[in-house]
J.: 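Here it is: the structure, laid out below.
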Amino acid sequence: QVQLVESGGGLVQAGASLRLSCAASDGSLSSYSMGWFRQAPGKEREFVGGILKSVGNTYTADSVKGRFTISRDNAKTTVYLQMNNVKPEDTAVYYCAAGPALSRTTLAQGGRYDYWGQGTQVTVSS
């Protein structure tokens, strides 16, 4: 019943910054833990980062730690993926997802999410 919409993707040069957004159709994401995943052509889906619904703790994968950050607006209507110093290997379709995760481990497992957005393309040129 909940629909998620990602936005903010595009074509950027290596070293640039990009911010992806994810919003829910009902206008609120307060009841869900949120995750960001990415998938490049011919590769498996990869966890990027997420935020726990109750305590608000954020986590990022080791591959993007120090460059990407997860955040949520004060009204809890939108979650963001801030991408800094992007690299060509960051090129992928990026998806947001909503689910009941209560732990860091579950947050990183794509199969535990209930709702997924349609994805937004990020292409990094060198």
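Here, residue 1 is the first one in the sequence, and each next residue gets the next number.
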J.: Out of curiosity, Ile51 CD1 to Ser33 OG, how far, rounded to the nearest 0.5 Å?
T.: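 Separation between the atoms: 8.5 Å.
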J.: Out of curiosity, does Met83 fall in the hydrophobic cluster containing Phe47 (side-chain heavy atoms, cut-off under 4.5 Å, transitive links)?
T.: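 No, because Phe47 and Met83 fall into different hydrophobic clusters, even though each may have its own neighbours under 4.5 Å.
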J.: Kindly give the heavy-atom pair with the smallest separation between Val5 and Gln118, and that separation in Å.
T.: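 So the minimum-distance heavy-atom pair works out to CA-OE1, 3.7 Å.
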J.: Which atom pair, heavy atoms only, marks the closest approach of Ser126 to Pro88?
T.: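 Heavy atoms only, the tightest pair is CB-CG, 4.0 Å.
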J.: What about Tyr80 and Val86, same hydrophobic cluster or not, with Ile/Leu/Val/Met/Phe/Trp/Tyr joined at side-chain heavy-atom distances under 4.5 Å?
T.: no
J.: Could you tell me which non-hydrogen atom of Gly15 sits nearest to which non-hydrogen atom of Asn85, and how far apart they are?
T.: CA-OD1, 3.6 Å
J.: Look up atom OG1 in Thr60 and atom CG in Leu81, then write down how far apart they are to the nearest 0.5 Å.
T.: 9.5 Å
J.: Please round to the nearest 0.5 Å and tell me the distance separating atom CG of Leu29 and atom SG of Cys96.
T.: 8.0 Å
J.: So which heavy atom on Val2 is nearest to which on Ala24, and how close?
T.: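 Between these two residues, the closest heavy atoms are CG1-CB, 4.2 Å.
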J.: Assert yes or no for the condition that the ring centre distance of Phe37 to Tyr95 is strictly below 6.0 Å.
T.: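 No, they do not, as the ring centres are separated by 6.0 Å or more.
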J.: May I ask you to decide if the ring planes of Tyr32 and Tyr115 are parallel, tilted or perpendicular, using 30° and 60° as cut-offs?
T.: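 Because their plane-to-plane angle is over 60°, the rings of Tyr32 and Tyr115 count as perpendicular.
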J.: Output the distance between atom CG (Leu18) and atom CG (Asp90), rounded to the nearest 0.5 Å.
T.: 10.0 Å
J.: Which pair of heavy atoms, one from Gln82 and one from Ser17, lies closest together, and at what distance?
T.: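 Smallest heavy-atom distance, with atoms named: NE2-CB, 4.1 Å.
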J.: State whether the number of non-hydrogen atoms from other residues, nucleotides or ligands found under 6.0 Å of Gln3 atom CD is greater than 12.
T.: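 Incorrect, the count does not exceed 12.
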J.: Under the 3.5 angstrom rule, does the side chain of Asp114 hit a backbone N or O of Gly99 as a donor-acceptor pair?
T.: no
J.: Measuring from Glu6:CD to Leu20:CG, what's the distance to the nearest 0.5 Å?
T.: 8.5 Å
J.: Give a yes or no on whether the backbone of Val124 and the side-chain of Thr91 come within a donor-acceptor separation of less than 3.5 Å.
T.: yes
J.: In Å, rounded to the nearest 0.5 Å, how long is the span from OG of Ser31 to NZ of Lys53?
T.: 7.5 Å
J.: Among residues at least two apart in sequence or on other chains, which ones pass side chain to side chain donor-acceptor pair (under 3.5 Å) with Tyr94?
T.: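 Side chain to side chain donor-acceptor pair (under 3.5 Å) check on Tyr94 returns Arg38.
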J.: Treat each ILVMFWY residue as a node, draw an edge where side-chain heavy atoms are under 4.5 Å apart, and state whether Ile70 and Val64 are in one component.
T.: yes
J.: Would you verify whether the NZ or CZ of Arg104 falls within 45 degrees of the ring axis of Tyr59 while also being under 6.0 Å from that six-membered ring's centre?
T.: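 Because its charged atom misses either the 6.0 Å distance or the 45° angle limit, Arg104 does not stack over Tyr59.
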J.: Is there a path from Trp36 to Val122 through hydrophobic residues (I, L, V, M, F, W, Y) whose side chains come within less than 4.5 Å of each other?
T.: yes
J.: Can you tell me if Glu89 has over 12 outside heavy atoms packed within less than 6.0 Å of its CD?
T.: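 More than 12 within 6.0 Å, yes.
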J.: Shortest non-hydrogen contact from Cys22 to Leu4?
T.: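 Heavy-atom minimum between the residues: SG-CB, 4.1 Å.
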